[in-house]
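Input: a single structure, listed below in C-alpha cells.
Note: hydrogens, waters and symmetry copies are ignored here, and every other heavy atom, side chains too, is used. Residues: numbered from 1 along the sequence shown. What you are looking at is a predicted structure, and each value in this text was computed from that prediction instead of being measured.
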Amino acid sequence: MSETPDSAVQTATETVRTYIEQHRAAFLDDLAQWLRIPSVSAQPDHDADVRRSAEWLAAKLRETGFPVAEILDTPGAPAVYAEWPSGEAGAPTVLVYGHHDVQPAAREDGWHTDPFEPVITDGRMYGRGAADDKGQVFFHTLGVRAHLAATGRTAPAVNLKLLIEGEEESGSPHFRALVEQHAERLAADAVIVSDTGMWSEDTPTVCTGMRGLAECEIQLYGPGQDIHSGSFGGAVPNPATAAARLVAALHDADEHVTIPGFYDGIAELTDAERELFAELPFDEAEWLGTAKSRATLGEAGFSTLERIWARPTAEVNGIGGGYQGPGGKTIIPSSAMVKLSFRLVAGQDPKHIEKLVTHWAAERIPAGIRHEITWSAGTRPCLTPLGHPALQSVVRAMSEAFGTKIRFTREGGSGPAADLQDVLAAPVLFLGISVPSDGWHAPNEKVELDLLFKGVETTAHLWSDLAATTA
C-alpha cells in the first residue's frame with residue numbers, strides 16, 4: 001500500500017527526529033568544543049583564536065560531508081566558505097550566512113561560570129557564542145545530515161553553500177569587499193541568515209527584515225579658545241548652543257524626522273503587515289521594563305513595534321561641549337560635538353541619507369561656527385516580501401518542526417545581510433531560533449537546547465521544500 005502525502009510527511013518528520021536524537025550527544029560535544037575557542041574578533045590578543053575557530057569549523061564541515069570547506073582570508077579575520085553540490089540539474093542554490101567570531105567575555109563581567117567553558121544546566125547551554133552565533137551556525141551541520149537521512153539522498157536537495165564570517169562582532173569592516181571578491185562563487189537563488197532570533201519560546205517567528213544604519217559625528221568649532229561669557233556672551237556664536245539647536249531641529253512635535261527628503265521612497269507598512277505585528281503577544285509594560293524606560297515616545301500614528309521594526313529613525317547618541325566639572329565656569333566654549341545615528345528601512349540608501357543630513361546640518365549652523373561631519377560605514381536595510389515563495393518555504397519548515405503557527409517579526413537593529421542581498425541580487429531569508437533571554441553580548445549567554453534542536457529540525461525539512469519551491 002502506497003503512502004498518502006500526509007503519512008509520507010509524518011514518516012519524514014519521525015525519521016528526522018529519530019536521527020537528531022541519536023546524534024544529539026555528539027552534536028553538543030562538538031559545539032562545546034567550538035565554544036571553548038575564544039574567537040573574539042575585537043581583541044587583537046585573540047587573532048590566533050579567531051583563525052583557530054575558522055580552521056576548526058572548516059574541518060568539521062568537511063567531516064559533515066561538504067566536499068569543499070576552506071578559509072577565505074580578509075585584511076582582518078578569516079571567513080569560512082563551504083559548498084555541497086546537489087548533483088541534480090536545475091537544483092536551486094542556497095547560501096547560508098552566519099559568523100564564528102564572538103563578543104568579549106570574562107568571568108569578572110558577571111558570568112556565573114567561565115564564558116569559554118560551556119556548561120549545560122536545566123536544558124540550556126551556557127557559554128559565549130552559544131546563541132550568537134556559533135550555536136545557530138552549527139545546527140546546520142546536523143540539519144543537513146538529518147535531511148539526507150530522511151530523504152535517502154547522498155547530497156542535499158539544493159546546492160548548499162555556507163559563508164561564515166569572522167568579523168561580524170567588529171562591524172564587518174571587510175565583509176562587503178569579501179562578498180564582491182567572491183561573488184561568482186557565492187551566487188545563489190536565496191540566502192539564509194541564521195543570526196537572528198524569535199519572539200519567544202512559545203511564539204516561534206520568522207524575521208522578515210532588518211533596518212539599515214547611517215551614523216555620524218559633527219564637530220563644531222567657535223572661538224579659538226574658551227572665552228569669558230560676560231565679556232563676549234551674546235555677541236559671538238556659541239558652538240554648544242549651535243549643537244543644541246541642531247539636535248532640537250531633528251524632529252517635529254509628532255516625532256517625525258524633519259530632514260527634507262528623509263522619507264522619500266521608503267517601503268510603507270501594508271495593512272496586512274500591521275495586522276501580523278498586532279497578532280504578537282506584546283506587553284508594552286514588560287517591554288518598558290526591559291528598556292529601563294518610564295514611557296514610550298515615537299513617531300505619531302505608529303505602534304511601538306512598528307516604530308522599532310519598520311520606521312526610520314534619527315537618534316542623538318551623544319552631545320557635548322563646554323565645562324563639565326563641578327560648580328560653574330562662565331565661558332563660551334570653543335567647541336562642541338553631536339553624535340547622530342539613523343536607522344533606515346527598505347527604500348532608503350545610507351549614502352543618500354548622508355548627503356541629505358550633511359546638507360541639512362550645513363544650513364543650520366550659524367556663520368562663525370566651523371563644522372566637520374564624519375560618517376562611519378553605512379549598512380543598507382534588508383526586507384523580504386511576505387509573499388515570497390522562499391519565505392513560505394522557511395515558514396512551512398519551521399511549522400513542521402515546531403508544530404504550531406509561525407508568526408512574523410522584523411529586527412530593529414542592523415547587520416551585513418543587506419550586502420548579500422545587494423551584491424548577489426538574491427532574496428535574504430532569516431532563520432534563527434534564539435530568544436531574548438539568551439543574553440546576546442551579555443554575561444551568561446545561553447541557548448535553549450530544545451530550540452536549538454528545533455533549528456536542526458527546521459533545516460532538515462527546509463532543503464527539500466526550497467528545492468521544490470525555487471527550482
Knowing that exactly one of L383, I266, T313, L269 qualifies, which makes a side chain to side chain contact (heavy atoms under 4.5 Å, CB included) with V345?
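It is I266; the other options fail the test.
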Checking side chain to side chain contact (heavy atoms under 4.5 Å, CB included) between R311 and each of E255, E299, R343, which is the one that passes?
E299
Does the side-chain contact (heavy atoms from CB on, under 4.5 Å) test come out yes or no for I71 and V80, once each step is laid out?
CA-CA 5 Å; I71 305 296; V80 176; 4.2 Å; yes
Tell me yes or no: between the side chains of [X] and [Y], is some donor less than 3.5 Å from an acceptor?
| X | Y | result |
| --- | --- | --- |
| E167 | S170 | no |
| T469 | R396 | yes |
| H441 | D132 | yes |
| H46 | D49 | yes |
| W440 | S434 | yes |

Would R410 and M210 count as a side-chain contact (heavy atoms from CB on, under 4.5 Å) here? Give the steps.
CA-CA 6 Å; R410 294 194 198 177; M210 299 183 76; over 6 Å; no
Are F66 and Y81, when compared by the centres of their aromatic rings, separated by less than 6.0 Å?
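No, the ring centres sit 6.0 Å or more apart.
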Row check, Y221 ring normal vs R370 NZ/CZ: under 6.0 Å, within 45°
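R370 over Y221 ring: yes.
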Do W375 and E217 have side chains that approach each other closer than 4.5 Å (heavy atoms only, starting at C-beta)?
no
Charged N-O contact under 4.0 Å between D422 and R176
yes
Charged N to carboxylate O below 4.0 Å: is that the case for D419 and R380?
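No.
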